[in-house]
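Only one structure is covered here, and it is reproduced in the block below.
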Amino acid sequence: MRLSRYFLPVLKENPAEAQIVSHRYMLRAGMIKQQAAGIYSWLPLGYRVLKRIEDIVHQEQVRAGHIPLLMPTLQPADLWRESGRYDDYGQEMLRITDRQKREMLYGPTNEEMITDIFRSHVNSYKDLPLTLYHIQWKFRDEMRPRFGVMRGREFLMKDGYNFDIDRDAALHAYNRHMVSYLRSYERMGLTAIPMRAASGPIGGDNTHEFLVLAQTGESEVFYDDRVTALKLGQRDIDYDDRTQVAKVCEEFTTLYARTDETHDAGVFDTIPEEHRKVGRGIEVGQIFYFGTKYSESMGALVVNDKGERVPVEMGSHGIGVSRLLGAIIEASHDEKGIIWPEGVTPFPVGIVNLKQGDSACDAACAGIYKALAAKGLEALYDDRDERAGAKFATMDLIGLPWRITAGPRGLANGVVEVTSRRTGESEEMSVEAAVDRIAQIYAAH
RNA sequence: CGGAGCGUAGCGCAGCCUGGUAGCGCACCUGCUUCGGGAGCAGGGGGUCGGAGGUUCGAAUCCUCUCGCUCCGACCA
């Protein structure tokens with residue numbers, strides 16, 4: 001993409017309403033525009049990152065054997081009357097009446113609807129296990145939306161639902177979700193710690209929240225800091241192998257890590273003092289096992305191998321997709337702007353032409369752009385007629401992890417610069433070597 | 001939902017107390033000079049002062065109502 005033809009409305013000054021760094025940078029980098037309290041338009045740059053995160057979530061869910069579908073944002077109230085949550089959910093649920101006076105609601109989550117789909121089509125244990133998920137906009141009419149996309153009223157969420165014949169199979173689904181989530185967050189450059197949590201309105205007895213450590217987090221967290229060193233890495237996981245999946249979960253949940261809701265000071269104090277940490281975290285996902293709570297109330301029954309009709313075992317599992325943008329920025333930025341991890345960056349690399357209109361510079365940049373494209377990498381080429389300082393400031397603000405800089409001085413010696421946004425370190429090399437370097441970096445992502 | 005604020009140009013703000021028909025910086029447009037970390041000079045365009053009503057010869061300014069947004073708290077993915 002040529003920047004001169006793109007739509008990237010960056011702001012030099014900080015918008016007054018933005019209190020935390022991720023919100024400020026998202027506004028300044030032209031990623032979002034607020035339309036109402038807690039409701040945002042996603043401008044091209046923000047939309048690209050949102051899509052990257054969505055892609056990672058999809059890939060990892062499919063890898064775990066889960067099946068994507070898409071349910072609507074608007075739901076009939078009757079479905080929620082069956083589960084009893086139409087009255088329980090309260091003011092947070094946005095209720096809508098259509099022209100025929102039918103009662104509708106903008107879905108805050110989809111347990112009822114997915115259970116309805118399931119009961120309409122599945123009758124036998126032979127069709128289990130089944131895990132369905134979608135990534136769809138949700139609406140929760142928060143009392144007080146704030147912090148930009150971190151706590152919007154409308155937000156994009158991945159929510160998945162498992163259907164299993166018994167408790168063991170359902171707990172395996174729970175574990176599968178935990179592992180697939182850990183893998184998703186790692187690919188986004190995040191360390192998200194699974195913490196034992198309280199269940200809230202979804203219900204159920206087994207639940208973990210995933211928290212990204214950040215000063216601006218809304219939850220107080222207590223943990224053994226050795227959990228932050230745990231990495232899933234590239235290990236090969238067979239999601240059908242209950243023992244292997246359970247072992248990974250055990251590895252990531254044995255060390256103490258809890259939110260204030262489940263914190264136990266007595267247990268916490270047994271951690272060696274040098275590892276005992278209290279901090280704040282941003283919740284970016286939660287998994288629940290809730291058994292037959294919805295299947296019983298909504299009549300989602302299957303016939304088991306003994307010919308008995310039994311309520312199906314369920315769990316639900318969510319990732320806050322739009323919130324993740326905020327969380328990633330909170331975890332990865334400096335005083336100049338955002339620093340995107342390679343896994344989610346809107347563009348893999350930026351090209352800065354230091355002297356637009358200079359034939360050598362223009363030709364070099366165009367060549368780099370084409371060579372990167374040939375390797376499947378879409379660069380953001382700053383071909384505006386701006387001074388070097390302005391171009392650098394823009395690149396730093398929007399946070400592309402790598403930058404190739406081409407100017408007359410270097411080109412006279414046959415070199416361009418490759419700069420890491422994270423370290424600020426630059427290295428001079430030929431155009432060919434620069435393209436290869438970037439391609440090599442992204443081959444791993 | 002309790003408490004506190006703020007709505008004046010795309011963004012950040014001044015003007016309001018003490019009424020006289022709107023200003024600054026950034027951004028934008030034109031020209032010249034500049035050109036490796038948000039350039040300089042000169043010129044220019046853009047605002048029913050959130051909305052409605054009222055007081056007044058006259059309202060951004062005073063009064064009433066209303067809408068929107070933000071912050072603190074409680075609540076929550």
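Values reported hereafter were calculated over all heavy atoms of this structure, with side chains retained and with hydrogens, waters and symmetry mates removed. Numbered from 1 within each chain, the chains take letters A, B, ... in sequence-line order.
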Query raised in the report: Given the C1' atoms of B:rU56 and B:rU64, what is the spacing between them in whole Å?
Result: 16 Å
Requested in this report: Using the P atom on both, measure B:rC41 against B:rA27 and round to a whole Å.
Outcome: 12 Å
Query raised in the report: When you compare B:rG7 with B:rA52, how far apart are their C1' atoms, in angstrom units rounded to a whole number?
Result: 16 Å
Report task. Answer with base, sugar-phosphate or nothing: what part of the nucleic acid does A:Glu13 contact at a heavy-atom distance below 4.0 Å? Result -> base
Report task. Would you mind pulling out the nucleotide paired to B:rA22, Watson-Crick or G-U wobble, both distances under 3.5 Å? Result -> none
Query raised in the report: Rounded to the Å, how far apart are A:Arg384 CZ and B:rG36 C1'?
Result: 15 Å
Query raised in the report: On a whole-Å scale, what distance lies between the C1' atoms belonging to B:rG25 and B:rG31?
Result: 22 Å
Query raised in the report: Can the ring centroids of A:Tyr174 and A:Tyr289 be said to lie less than 6.0 angstrom from one another?
Result: no
Report task. Would you mind telling me which of A:Val321, A:Asp55, A:Leu45 makes a side chain to side chain contact (heavy atoms under 4.5 Å, CB included) with A:Leu50? Result -> A:Val321
Report task. Please determine if A:Lys336 and A:Asp334 form a salt bridge, counting it only when a charged side-chain N lies under 4.0 Å from a carboxylate O. Result -> no
Report task. Rounded to whole angstrom, note down the P distance from B:rG50 over to B:rU33. Result -> 43 Å
Query raised in the report: Counting side-chain heavy atoms from C-beta on, which of B:rG12, B:rA77, B:rC71 comes nearest to A:Arg144?
Result: B:rC71
Query raised in the report: When the distance from CD of A:Glu218 to P of B:rA74 is rounded to whole Å, what number comes out?
Result: 12 Å
Report summary line: A:Leu397 CG to B:rC26 P, in whole Å, measures 19 Å
Requested in this report: Quick one: label A:Ala388 by what it contacts on the DNA or RNA (base, sugar-phosphate, nothing), any heavy atom closer than 4.0 Å.
Outcome: sugar-phosphate
Query raised in the report: With a 4.0 Å cut-off, would you call A:Asp225 and A:Arg276 a salt bridge?
Result: no
Can you give each donor-acceptor pair under 3.5 Å made by side-chain atoms of residues 398-405 of chain A, sequence neighbours left out, with the distance rounded to 0.1 Å?
residue, atom, partner, partner atom, Å
A:Trp402, NE1, A:Glu342, OE2, 2.7
A:Arg403, NE, A:Thr405, OG1, 3.0

Query raised in the report: Should A:Arg323 be listed as having a side-chain N or O under 4.0 Å from OP1 or OP2 of B:rA77?
Result: no
**Report entry** Within the 6.0 Å centroid threshold, strictly below: A:Tyr133 and A:His66
**Finding:** no
Query raised in the report: Could you give the CD-to-C1' distance, from A:Gln19 to B:rA4, as a whole number of Å?
Result: 14 Å
Report summary line: Among B:rG37, B:rG38, B:rC13, the one nearest any side-chain atom of A:Phe392 is B:rG37
Query raised in the report: Would the A:Phe268 and A:Tyr256 ring centres measure less than 6.0 Å apart?
Result: yes
Query raised in the report: Looking at residues 401-430 of chain A, who's got a heavy atom less than 4.0 Å off RNA chain B?
Result: A:Arg403, A:Gly407, A:Arg409, A:Gly410, A:Glu417
Query raised in the report: With distance as the sole criterion, is a donor-acceptor pair present between the side chains of A:Arg48 and A:Thr345 under 3.5 Å?
Result: no
Requested in this report: Anything under 30° is parallel, anything over 60° is perpendicular, the rest tilted; go ahead and classify A:Tyr369 against A:Tyr381.
Outcome: tilted
Query raised in the report: Reckon A:Glu142 touches a base, only the sugar-phosphate, or nothing at all at heavy-atom distances under 4.0 Å?
Result: base
Query raised in the report: To the nearest angstrom, how far is A:Lys336 atom NZ from B:rG38 atom C1'?
Result: 12 Å
Report summary line: Of B:rG37, B:rU70, B:rA74, the nucleotide closest to the side chain of A:Asp396 is B:rG37
Query raised in the report: In whole Å, what separates the P atom of B:rG12 from that of B:rU18?
Result: 29 Å
Query - Base-pairing assignment for B:rU61 (Watson-Crick or G-U wobble, both under 3.5 Å) - result: none
**Report entry** For atom CG of A:Asp334 and atom C1' of B:rG37, their distance in whole Å
**Finding:** 14 Å
Requested in this report: Under a 3.5 Å limit for both distances, which nucleotide forms a Watson-Crick or G-U wobble pair with B:rG45, could you say?
Outcome: none
Query raised in the report: Is any N or O donor-acceptor pair between the side chain of A:Arg387 and the base of B:rG40 shorter than 3.5 Å?
Result: no
Query - Separation of B:rG10 C1' from A:Gln34 CD (nearest whole Å) - result: 16 Å
Requested in this report: May I ask you to decide if the ring planes of A:Tyr89 and A:Trp80 are parallel, tilted or perpendicular, using 30° and 60° as cut-offs?
Outcome: perpendicular
Report summary line: A:Phe7 atom CZ is separated from B:rG10 atom P, nearest whole Å, by 14 Å
Report summary line: When both distances are under 3.5 Å in a Watson-Crick or G-U wobble arrangement, the nucleotide paired with B:rG73 is B:rC1
**Report entry** Residue met sooner reading RNA chain B from 5', once A:Arg151 and A:Pro15 are mapped to nucleotides
**Finding:** A:Pro15
Query - Short side-chain N/O contact to B:rA27 OP1/OP2 from A:Lys12, under 4.0 Å - result: yes
**Report entry** Identity of whatever pairs with B:rA14 - Watson-Crick or G-U, under 3.5 angstrom
**Finding:** none
Report task. In whole angstrom, give me the gap between the P atoms of B:rG51 and B:rC67. Result -> 15 Å
Query raised in the report: For atom C1', what is the distance between B:rG40 and B:rU8, given to the nearest Å?
Result: 30 Å
Query raised in the report: Which part of the nucleic acid, if any, lies within reach of A:Gly152 when heavy atoms closer than 4.0 Å are counted: base, sugar-phosphate only, or nothing?
Result: base
Query - Under 3.5 Å on both distances, the Watson-Crick or G-U partner of B:rC32 - result: B:rG40
Query raised in the report: From B:rG12, B:rC1, B:rC76, pick the nucleotide closest to the side chain of A:Glu92?
Result: B:rC76
Report summary line: Which of B:rG36, B:rC75, B:rC69 is nearest the side chain of A:Ala36? It is B:rC69
